[in-house]
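Taking it in order: structure first as structure tokens, then the write-up.
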Amino acid sequence: MKQRVSALLREKLGREVVLEKPRDRSFGHFATPIAFSLAKELRKSPMVIAEDIASSFGEVSEFSSVEAVKGYLNFRLSESFLAEYASWALDNPTEFATQQKNQKILLEFVSANPTGPLHIGHARGAVYGDTLYRLAKHLGYDITAEYYVNDAGNQIDLLGLSIQLYAREHLLGERVEYPESYYRGEYLQGLAEGAKEKFGEAIFSDESRQKELAMWAKDAVMEIIIKDLADTNIFFDTFVNESGLYSDWDRVMKKMGDGVYEAEGKMWIRSEAKGDDHDRVVVRDDGRPTYLAGDIVYHNQKFERGYDHYINIWGADHHGYIPRVKAAIEYLGYDSNKLEVLLSQMVSLLKDGEPYKMSKRAGNVILMSDIVEEIGADALRFIFASKKSDTALEFDLAEFKKQDSSNPIFYIQYAHARIQTLLSKASVSKEDISSATLKNLGEAADTLLFDALLLPEVVEDAFSSRQVQKLPDYLKALAASLHKFYYDVRMIGTEDEAKLLKLLQVVALSLKTGLSLMGIEAKDRMVKETTE
RNA sequence: CUCCUUAUCGCUUAACUGGAUAAAGCAGUCCCCUCCUAAGGGAUAGCUCAUGGUUCGAGUCCAUGUGGGGAGACCA
């Protein structure tokens with residue numbers, strides 16, 4: 001819709017114009033402040049320029065009016081244009097708001113260590129990433145969702161140790177001393193029992209078998225993580241294991257050429273020359289590569305796989321890590337601008353108004369699965385997707401839990417359900433509805449129709465600006481229009497019934513499509529829970 | 001100490017990336033049950049951290065200050 005208008009203007013004025021939605025709908029459907037920027041060049045007042053452009057438009061089938069108001073140029077789309085577009089959308093529901101982009105994107109997100117279930121802090125990046133993924137898919141990008149599994153390093157050894165200690169205390173009844181760094185949590189019980197079944201009790205007391213236990217456990221933990229994600233409607237296309245990458249290290253190091261050098265018996269990457277604070281160690285003096293080395297091999301592998309664009313969603317605490325990885329990418333001979341790192345800010349929790357510190361090792365984590373169980377995946381997704389990802393988010397656990405009826409997700413679902421029930425009550429036939437023409441609807445209905453048809457612009461905008469919250473914002477607004485319309489206009493049994501129901505179908509299509517892009521299924525009926 | 005990042009009604013967040021009268025949801029006060037649910041609709045009150053700058057125009061850009069959050073590992 002916007003593209004059409006935009007294209008028309010480009011043709012007319014011979015330049016790209018900024019097109020926006022006026023704050024006040026009475027101004028029209030679209031508007032542009034173009035006259036202000038032309039004012040300087042043409043040395044005429046913006047008002048005069050706007051008038052000139054407006055009157056030069058004449059008759060265009062897409063517009064019912066083009067007006068100049070205080071230097072702004074306002075466009076009103078014609079009924080026939082809107083009606084045609086709406087009918088097309090209803091006939092091709094799966095194509096509504098889609099596009100064909102020819103770009104291959106690799107999106108890496110979550111990538112939480114496989115040492116325990118996902119907690120609430122992971123949920124934000126997970127929801128954000130998955131929503132971006134769905135948007136991109138819908139827009140026709142060839143996008144791959146990837147999970148980088150950090151299954152090497154100390155934390156995996158620790159996992160093995162933690163299971164041993166847990167099992168010795170709880171299964172074998174021994175008294176054990178816990179080191180500071182040990183992991184705690186209910187999930188260890190399942191792991192310990194699983195390990196007992198697989199390996200027998202002996203493995204818990206044998207220090208030399210810690211590694212073996214750990215290697216088995218990290219896979220078991222990954223299964224838990226994958227299930228947590230699936231319960232939230234989040235799925236990955238590919239998984240890459242850190243442990244499988246190091247064998248490629250020598251080759252990759254050579255590939256970086258002068259980018260790495262030896263000093264003090266260690267290997268360093270010359271990252272300072274590429275904007276980092278100082279050079280970083282990639283291989284320790286005992287020959288073990290650092291975590292950074294793994295990430296370098298991983299990114300090399302990503303680039304060798306050949307995508308047009310790479311998006312990483314990292315927690316904000318990885319901020320300082322970006323220059324190192326970009327430096328490595330450049331030494332490897334690739335364009336580091338193709339890598340886009342999006343930081344998802346921390347989620348800080350409040351419990352009863354007090355800051356609540358979570359620590360995996362202390363075992364007082366709030367699990368993502370707990371929240372899903374409590375409020376449902378839909379609500380969780382909606383809440384996280386509604387916040388701009390680059391601001392720190394603070395919420396009260398109690399507040400979070402009581403988000404039942406006050407949660408906007410219900411408001412939107414309710415709008416969709418209302419439409420469905422109305423449709424099922426219709427006194428006219430389906431054919432009557434689909435053959436109805438959306439004309440002479442009146443002001444309110446016109447506005448609602450336009451709002452519903454705005455989804456494609458929102459989807460495009462939300463993805464390209466990486467600001468996922470624009471989608472829920474839009475859905476909220478659309479639901480509000482619907483509720484108001486529902487309240488103001490009686491539909492069933494009126495002369496215009498078929499037309500009005502067709503209009504509602506368009507709204508429902510937008511709501512449903514929008515929700516599905518957030519990984520939420522639209523409901524046809526609302527069931528009020530009466531459980532206390 | 002250095003570098004990032006952030007600051008908007010009482011609370012949680014928006015504002016089309018420099019445009020028209022700064023907008024929602026909770027919480028407050030008041031009113032309304034109408035096709036399938038009041039999980040709804042209305043009315044009312046309230047906000048751009050401070051100072052300066054850039055220009056037709058600033059919540060948005062720049063500078064300084066102040067208050068939050070993060071980073072400154074041969075942990076991952």
Side-chain angles (χ1 to χ4, degrees), chain A residues 2 18-24 27 30-33 36-37 39-40 45-46 69-72 74 111-113 115 150 152-156 158 181 242 264 266-268 276-278 280-286 288-295 315-322 343 345-346 348 383 386-388 390-396 399 402-415 417-422 424-427 457-458 461 465 467 469-470 472-474 476-477 479-480 482-494 497 525-529:
Chain A
K2 194 169 171 177
V18 184
L19 208 55
E20 52 195 42
K21 279 182 295 178
R23 202 175 287 284
D24 187 339
F27 286 129
F30 287 108
T32 175
F36 289 100
S37 34
K40 217 168 220 170
S45 108
V69 181
K70 290 200 312 205
Y72 289 87
N74 298 333
S111 298
N113 291 346
T115 52
N150 295 126
N154 294 341
Q155 83 277 15
I156 297 299
L158 262 174
S181 51
E242 183 190 358
E264 303 166 39
K266 310 162 204 173
M267 300 301 294
W268 302 71
D276 198 4
D277 295 341
H278 47 260
R280 309 281 169 174
V281 173
V282 285
V283 181
R284 290 172 261 235
D285 47 13
D286 61 2
R288 282 160 43 236
T290 61
Y291 177 77
L292 178 59
D295 237 355
D317 52 340
H318 281 64
H319 170 78
Y321 209 73
I322 300 172
L343 296 177
Q345 287 292 330
M346 301 284 111
S348 52
I383 290 167
S386 301
K387 320 278 176 180
K388 242 197 319 196
D390 56 358
T391 52
L393 167 64
E394 201 175 71
F395 59 61
D396 200 304
E399 191 78 10
K402 83 167 203 252
Q403 291 265 17
D404 41 21
S405 59
S406 57
N407 193 313
I409 182 67
F410 290 94
Y411 185 76
I412 296 166
Q413 293 280 28
Y414 184 27
R418 270 188 155 169
I419 294 173
Q420 298 310 320
T421 42
L422 273 189
S424 69
K425 271 205 126 179
S427 61
E457 277 76 38
V458 175
D461 188 30
S465 66
Q467 295 188 358
Q469 85 281 355
K470 293 188 177 196
D473 280 355
Y474 163 76
K476 248 185 283 180
L482 184 275
H483 284 308
K484 176 148 177 53
F485 190 74
Y486 179 89
Y487 186 83
D488 290 342
V489 183
R490 200 177 176 93
M491 288 165 263
I492 302 289
T494 63
E497 182 175 334
R525 242 199 123 73
M526 297 298 283
V527 180
K528 197 167 186 169
E529 282 181 43

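In what follows, every chain begins at residue 1, and chains take the letters A, B, ... in the order their sequences are listed. Keep in mind it's a predicted model, so treat the numbers as computed, not measured.
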Under 3.5 Å, which protein N or O atoms sit close to an N or O of nucleotides 29-35 of chain B? Give each pair with its distance.
| residue | atom | partner | partner atom | Å |
| --- | --- | --- | --- | --- |
| rU34(B) | O2 | Tyr487(A) | O | 3.2 |
| rU34(B) | N3 | Tyr487(A) | O | 2.9 |
| rU34(B) | O4 | Tyr487(A) | OH | 2.6 |
| rC35(B) | O4' | Arg490(A) | NH2 | 2.9 |
| rC35(B) | O3' | Lys425(A) | NZ | 3.2 |
| rC35(B) | O2' | Lys425(A) | NZ | 3.4 |
| rC35(B) | O2 | Met491(A) | N | 3.2 |
| rC35(B) | O2 | Ile492(A) | N | 2.9 |
| rC35(B) | N3 | Met491(A) | N | 3.4 |
| rC35(B) | N4 | Tyr486(A) | O | 2.4 |
| rC35(B) | N4 | Val489(A) | O | 3.2 |

Worksheet entry | Arg284(A) side chain vs Pro289(A) backbone, donor-acceptor pair below 3.5 Å | yes
Practice prompt. Tell me which of Val281(A) and Tyr72(A) sits closer to the 5' end of RNA chain B, going by the nucleotide each one is nearest to.
Written response: Tyr72(A)
Worksheet item: Partners of Ser111(A) by side-chain hydrogen bond (donor to acceptor under 3.5 Å, both in side chains), sequence neighbours excluded?
Response: Glu108(A)
Worksheet, complete the sentence: Sequence neighbours excluded, the answer for side-chain hydrogen bond (donor to acceptor under 3.5 Å, both in side chains) partners of Glu242(A) is Asn150(A), Tyr246(A)
Response to the item:
The glycosidic conformation of rU17(B), counting syn as within 90° of 0 and anti otherwise, is syn
Practice prompt. Could you tell me which residues satisfy ring-ring contact (aromatic ring centres under 6.0 Å, His included) with Tyr486(A), sequence neighbours excluded, listed by chain and number?
Written response: none
Worksheet, complete the sentence: Phe36(A) meets the ring-ring contact (aromatic ring centres under 6.0 Å, His included) criterion, sequence neighbours left out, with Tyr72(A)
Nucleotide nearest [X] (side chain, heavy atoms from C-beta), chosen from [options]:
X: Lys484(A); options: rA14(B), rA76(B), rG42(B); answer: rG42(B)
X: Tyr411(A); options: rC56(B), rA76(B), rG40(B); answer: rG40(B)
X: Asn74(A); options: rA20(B), rA76(B), rA14(B); answer: rA20(B)
X: His278(A); options: rA39(B), rG72(B), rC75(B); answer: rG72(B)
X: Arg418(A); options: rA76(B), rC16(B), rC36(B); answer: rC36(B)

Worksheet entry | Results of side-chain contact (heavy atoms from CB on, under 4.5 Å) for Asp473(A) - residues two or more places apart only | Gln469(A), Lys476(A)
Worksheet item: So what does Ser465(A) hit on the nucleic acid, given a heavy-atom distance under 4.0 Å: a base, only sugar-phosphate, or nothing?
Response: base
Discussion item. For a quick check, tell me whether the side chain of Gln467(A) and the base of rU17(B) share a donor-acceptor pair closer than 3.5 Å.
Written reply: yes
Can you check the [X] [atom1] to [N] [atom2] distance for me, whole Å?
X: Arg280(A); N: rG72(B); atom1: CZ; atom2: C1'; answer: 8 Å
X: Arg288(A); N: rA76(B); atom1: CZ; atom2: C1'; answer: 12 Å
X: Gln469(A); N: rG25(B); atom1: CD; atom2: C1'; answer: 15 Å
X: Asp276(A); N: rA71(B); atom1: CG; atom2: C1'; answer: 12 Å
X: Leu482(A); N: rC36(B); atom1: CG; atom2: P; answer: 15 Å

Worksheet, complete the sentence: As its Watson-Crick or G-U partner within any shown strand, both distances under 3.5 Å, rU66(B) has rA7(B)
Worksheet item: What distance do Arg280(A) atom CZ and Asp277(A) atom CG have between them, rounded to the nearest 0.5 Å?
Response: 6.0 Å
Worksheet item: When you compare rU12(B) with rU54(B), how far apart are their C1' atoms, in angstrom units rounded to a whole number?
Response: 34 Å
